[in-house]
2 protein chains.
Amino acid sequence: MEMNNAVTSLSALAQESRLEAFRLLVRAGPEGLPSGDVARALNVPANTVSTHLSILTRAGLVSSRRDGRHVIYQANLGGIRKLIDYLLADCCQGDPELCGSLLEQLTPHC
Amino acid sequence: MEMNNAVTSLSALAQESRLEAFRLLVRAGPEGLPSGDVARALNVPANTVSTHLSILTRAGLVSSRRDGRHVIYQANLGGIRKLIDYLLADCCQGDPELCGSLLEQLTPHC
DNA sequence: TCCAATATTCTAGAAACATGGAAATGAATA
DNA sequence: TATTCATTTCCATGTTTCTAGAATATTGGA
């Protein structure tokens, strides 16, 4: 991942409604949720949510598929993974000794 | 972590110079770097970098200590860890079956 | 074909943010 | 104390982003 992608992903998440939309989709799992459900859950107008979801999509954090009249969005955890990799690249110059003291445990749950 | 902290952390990183400053400190490891070194490495005026570092500090992503005339900053990976936890909370409603298909491997290196 | 449901694009005013010069602060040294 | 170095705070400016109303697709069903 290069810097601009990282900035795009981080900017996409650095906004309340979009962050909540993303987390909602993370919770929903691979089935995903239609745009309208996201709008209702977040209590935000449909057009605003649509903009949010398109920003998350451009950032590679969610993807979508059409199902009849619905467009179903789902979280793309690969996008988050790449972001984390970028953030922590060459951590402690790669020295595991040093790294340990900083990292403690960085292992995500789930 | 609550939402506002997450937004603060994400906003702090969602900006080129700050993102690079953070990554530089991640690379530097526990020893950290003085503010001036960060400014030179990023080729950004000292006062601008100082603002950047204070934003990262408020976000809990870096910490600092004074050493003589220098103020030495270091990455605080615990801050990143909390952020990741928040982003992925209740992933797939906690169902490991579903989760697997989304996660593949989310384990960071280092 | 016509209508209802769902989602997206366009737009612009309001709000928030980024930047860097100048001045101020804090710390070491002569 | 005076001087220098390192960093921070103050502030004005220009830029970007957020939001939601209105208009425009797109799809399925009567």
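Chain letters run A, B, ... following the sequence lines, proteins first and then strands; every chain starts at 1.
Regarding B:Ile72, its CD1 atom lies at a distance of 14 Å from the P atom of C:dA27, rounded to whole Å. The CG-P distance, from A:Asn47 to D:dA25, rounds to 16 Å in whole Å. One atom, CG of B:Asp37, and another, P of D:dC5, lie 16 Å apart when rounded to the nearest Å. Atom pair B:Gln15:CD and C:dG20:P shows a separation of 10 Å (rounding to whole Å applied). D:dT16 atom C1' lies 17 Å from atom CG of A:Leu10, rounded to whole Å. Summarising the geometry, the separation between NE2 on B:His70 and P on C:dT29 is reported as 10 Å, rounded to the nearest angstrom. A:Leu53 has its CG atom 15 Å from the C1' atom of D:dT19, to the nearest Å. Rounded to an integer number of Å, the gap from A:Arg66 CZ to D:dT27 C1' is 6 Å.
Map A:Asp67 and A:Ser17 each onto its nearest nucleotide of DNA chain D; the residue landing nearer the 5' end is A:Ser17.
At least one side-chain nitrogen or oxygen of B:Tyr73 sits closer than 4.0 Å to the OP1 or OP2 atom of D:dT8. Contact annotation: A:His52 reaches the phosphate of D:dT19 (side-chain N/O to OP1 or OP2, under 4.0 Å). Between A:Ser35 and C:dT8 there is a side-chain N or O to OP1 or OP2 distance below 4.0 Å.
Counting any heavy atom pair closer than 4.0 Å across all strands shown, A:Arg18 reaches sugar-phosphate atoms only and no base atom.
Looking at the side chain of B:Pro45, the nearest of the listed nucleotides C:dG20, D:dA22, D:dT8 is C:dG20. Residue A:Val71 places its side chain closer to C:dA7 than to any other of C:dA7, D:dT7, D:dT19. Considering only the side chain of B:Thr48, C:dG20 comes nearest among D:dG28, C:dG20, C:dA27. Residue A:Arg69 has its side chain nearest to D:dT27 when only D:dT27, D:dA6, C:dT8 are considered.
Criterion: ILVMFWY side-chain heavy atoms under 4.5 Å apart, direct or through other members. Under it, B:Val49 and A:Met3 are part of a common hydrophobic cluster.
A 6.0 Å sphere centred on CG of B:Asn4 holds more than 12 heavy atoms belonging to other residues, nucleotides or ligands.
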Q) Please walk me through it: do A:Ser64 and A:Arg66 pass side chain to side chain contact (heavy atoms under 4.5 Å, CB included)? A) CA-CA 7 Å; A:Ser64 61; A:Arg66 185 173 269 279; over 6 Å; no
(Q) Walk me through whether A:Glu2 and A:Tyr86 qualify under side chain to side chain contact (heavy atoms under 4.5 Å, CB included). (A) CA-CA 8 Å; A:Glu2 58 172 60; A:Tyr86 183 77; 5.7 Å; no
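Remark: A:Arg40 engages A:Asp37 in a salt bridge (Lys or Arg N to Asp or Glu O under 4.0 Å) (not counting sequence neighbours).
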